[in-house]
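Encoded as structure tokens, the structure appears first; notes follow it.
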Amino acid sequence: MRLHSLINFALFQVVWFMCLLLEQHAIVYSAVVIALMFYLSAQKKQDALLVLKALPIALLCEFIAVQLGLFEFKVDPLPFWLVFLWVALLLCINTSMSFLTNLKPWQAFAVCLLFAPGSYWAGSRFEVLELGMPLWQFWPLYGALWAATFTFILFLNGKIGEFVKQ
């Protein structure tokens, strides 16, 4: 199982870097990697339901962040490659990021608050998005929005897991 988690994590990193380096040109390649991630999934039904239920929530979070001026992308309001990046991330929840599912909600929130904005800061360094405010303001504001969204997605994943086991 550990090797499976490492492969899942590595495949997510491939999608992340492709999206940031190739942007719209990464879509086909990302789709292939995501298909591989799904093929390797040990819980295909749960992962499929999670993507269907959580992807709109995740994209709404991004849309809200753009509307609030936390950051902006080169295309308005959201680039299509962001969909693929989120699908890849969602496919990590039950595999390489499964440790988050074992945390209490406040702990998961805190982890996301501390670490998730770093990915967007890196995106700004790759010039795929532009932060709408200084980093010291962006980090806690976007961190709180992202952490609340992702904590809800973790809750939703738990409910989907219970449903799948029935």
Side-chain angles (χ1 to χ4, degrees), residues 1-20 22-24 26-67 70 73 75 77-120 123 128-129 142-166:
M1 190 65 169
R2 181 137 170 90
L3 178 61
H4 190 245
S5 290
L6 289 173
I7 291 169
N8 176 267
F9 177 77
L11 291 174
F12 171 73
Q13 295 304 311
V14 167
V15 173
W16 191 87
F17 277 105
M18 282 194 304
C19 287
L20 268 65
L22 303 175
E23 297 179 58
Q24 291 305 106
I27 292 171
V28 172
Y29 305 114
S30 294
V32 170
V33 175
I34 288 167
L36 179 59
M37 290 175 80
F38 187 74
Y39 174 78
L40 295 173
S41 170
Q43 59 288 324
K44 288 179 179 54
K45 186 174 182 179
Q46 183 172 355
D47 282 346
L49 289 171
L50 179 62
V51 168
L52 288 173
K53 300 279 186 183
L55 184 61
I57 296 164
L59 295 176
L60 178 62
C61 171
E62 303 290 6
F63 180 77
I64 290 169
V66 168
Q67 295 305 306
L70 297 174
F73 292 101
V75 296
L78 303 172
F80 193 54
W81 56 261
L82 188 63
V83 173
F84 290 82
L85 187 55
W86 263 103
V87 170
L89 180 63
L90 293 170
L91 290 176
C92 291
I93 289 176
N94 293 306
T95 308
S96 60
M97 294 175 57
S98 63
F99 71 93
L100 288 172
T101 64
N102 298 321
L103 298 176
K104 294 177 181 166
W106 72 266
Q107 293 169 321
F109 183 92
V111 168
C112 292
L113 177 67
L114 290 173
F115 295 106
S119 184
Y120 291 78
V128 298
L129 63 93
Y142 188 65
L145 175 63
W146 201 95
T149 301
F150 203 75
T151 302
F152 178 73
I153 288 171
L154 291 172
F155 170 79
L156 182 62
N157 181 60
K159 294 297 182 187
I160 291 169
E162 291 171 11
F163 172 77
V164 168
K165 289 178 185 173
Q166 291 180 350

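Because the structure is a prediction, the values reported are computed rather than measured. Numbers here simply count residues along the sequence, with the first being 1. Scope of the values below: all heavy atoms of this structure, side chains included, with no hydrogens, waters or symmetry mates.
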Please report the interatomic distance [atom1]([X]) to [atom2]([Y]), rounded to the nearest 0.5 Å.
| X | Y | atom1 | atom2 | result |
| --- | --- | --- | --- | --- |
| I34 | F12 | CD1 | CZ | 9.5 Å |
| F150 | L100 | CZ | CG | 6.0 Å |
| L129 | L70 | CG | CG | 11.0 Å |
| L50 | N157 | CG | CG | 5.0 Å |
| S96 | H4 | OG | NE2 | 9.5 Å |

Heavy atoms only: give me the nearest [X]-[Y] pair and the separation to one decimal.
| X | Y | result |
| --- | --- | --- |
| V15 | A88 | CG1-CB, 3.8 Å |
| L113 | A147 | N-CB, 3.7 Å |
| L11 | V33 | O-CG1, 3.5 Å |
| T95 | L91 | OG1-O, 4.0 Å |
| M18 | A26 | O-CB, 3.3 Å |
| V66 | P77 | CG2-O, 3.8 Å |

**Prompt:** If you look only at pairs with a residue in residues 107-120, which of them pass as a side chain to side chain donor-acceptor pair (under 3.5 Å), with sequence neighbours excluded?
**Reply:**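 Output for this query lists W16-S119, E62-Y120, Y120-Y142, Y120-W146.
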**Pairs satisfying side chain to side chain donor-acceptor pair (under 3.5 Å), at least one member in residues 26-39, at least two apart** =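 For residues 26-39, and leaving out neighbouring residues, there are no side chain to side chain donor-acceptor pair (under 3.5 Å) pairs at all.
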Applying side chain to side chain contact (heavy atoms under 4.5 Å, CB included), name anything that partners [X], two or more places apart in sequence or on another chain.
| X | result |
| --- | --- |
| I64 | L60, L68, L145 |
| L55 | L59, V83, W86, V87, L90 |
| V164 | K45, Q46, L49, I160 |

**Request:** For side chain to side chain contact (heavy atoms under 4.5 Å, CB included), just list the numbers for F38 and V51, CA-CA rounded to whole Å, side-chain angles, deciding distance to a tenth of an Å, and then say yes or no.
**Result:** CA-CA 11 Å; F38 187 74; V51 168; over 6 Å; no
**Message:** Once side-chain hydrogen bond (donor to acceptor under 3.5 Å, both in side chains) is applied, do any residues pair with T149, and if so which ones, sequence neighbours excluded?
**Reply:**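 So T149 forms no side-chain hydrogen bond (donor to acceptor under 3.5 Å, both in side chains) with any residue.
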**Prompt:** Can you list the residues that meet the side-chain hydrogen bond (donor to acceptor under 3.5 Å, both in side chains) rule with D47, with sequence neighbours excluded?
**Reply:** S41, Q43, N94
**Request:** Would you list the pairs meeting ring-ring contact (aromatic ring centres under 6.0 Å, His included) in which at least one residue belongs to residues 91-116, sequence neighbours left out?
**Result:**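 Passing the test, one end in residues 91-116: no pairs.
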**Message:** Using modelled atom types and a 3.5 Å cut-off, is there a donor and acceptor pairing between side-chain atoms of T101 and backbone atoms of S98?
**Reply:** yes
**Request:** List in chain and number order the residues that pass ring pair (Phe, Tyr, Trp, His ring centres under 6.0 Å) with F80, two or more places apart in sequence or in another chain; answer none if no residue qualifies.
**Result:** F84
**Request:** For side chain to side chain contact (heavy atoms under 4.5 Å, CB included), just list the numbers for I153 and K53, CA-CA rounded to whole Å, side-chain angles, deciding distance to a tenth of an Å, and then say yes or no.
**Result:** CA-CA 9 Å; I153 288 171; K53 300 279 186 183; over 6 Å; no
**Prompt:** Do other residues, nucleotides or ligands put more than 12 heavy atoms under 6.0 Å from the NZ atom of K44?
**Reply:**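 Correct, the count exceeds 12.
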**Request:** Would you indicate whether the side-chain heavy atoms of E23 and P79 approach each other to under 4.5 Å?
**Result:** no
